[in-house]
Amino acid sequence: MEDITELFVKIIKESPGIDMAEAEFKRTLVDDPELRRNYRNYCREVGTSEKNGFLDFCEEYMAGQDSVWESLNDFDNQE
């Protein structure tokens, strides 16, 4: 499962926006039957649908990135 989330992060970082990242991920899914199988397993394990699995991951990932920036800002405000 970790490999697929690494792929998710790679696609997110290489894309200018979440919509573009989702489109790229869907194109990748079409071309790779093993990835489709891994994605199906990932969605089942985390309890999301195949339709929303990638977007759910994106939202969680972006929220985590926001919290990193917020904690850095908190540190800057302390000085």
Spatial distance of atom [atom1] ([X]) from atom [atom2] ([Y]) [nearest 0.5 Å]:
| X | Y | atom1 | atom2 | answer |
| --- | --- | --- | --- | --- |
| Asn52 | Cys58 | CG | SG | 11.0 Å |
| Ile11 | Arg27 | CD1 | CZ | 9.5 Å |
| Asp56 | Ser49 | CG | OG | 6.5 Å |
| Ile4 | Arg37 | CD1 | CZ | 11.0 Å |
| Leu29 | Glu24 | CG | CD | 10.5 Å |
| Lys51 | Cys43 | NZ | SG | 13.0 Å |

**Study point:** Working for salt bridge (Lys or Arg N to Asp or Glu O under 4.0 Å), residues Lys10 and Glu6
**Key:** CA-CA 6 Å; Lys10 180 178 182 268; Glu6 289 174 10; over 6 Å; no
Review point. Which pair of heavy atoms, one from Ser15 and one from Ala21, lies closest together, and at what distance?
Key: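 Result for this residue pair: OG-CA, 3.4 Å.
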Revision key, fill the gap. In terms of heavy-atom contacts, Leu55 and Glu22 come closest through CD1-OE2, 3.4 Å
Close side-chain approach of [X] to [Y], heavy-atom, < 4.5 Å:
| X | Y | result |
| --- | --- | --- |
| Ile18 | Met62 | yes |
| Lys13 | Val9 | yes |
| Thr28 | Leu35 | yes |
| Phe57 | Ile12 | yes |

Check your understanding: Are Val46 and Tyr61 joined in one hydrophobic group, where the rule is that I, L, V, M, F, W and Y side chains link up if heavy atoms are under 4.5 Å apart?
Key ->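 Same hydrophobic cluster.
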Check your understanding: Hey, is the main chain of Val30 close enough, under 3.5 Å, to the side chain of Arg36 for a donor-acceptor pair?
Key -> yes
**Study point:** Aromatic ring pairing Phe54/Phe8, orientation class (parallel under 30°, perpendicular over 60°, tilted between)
**Key:** perpendicular
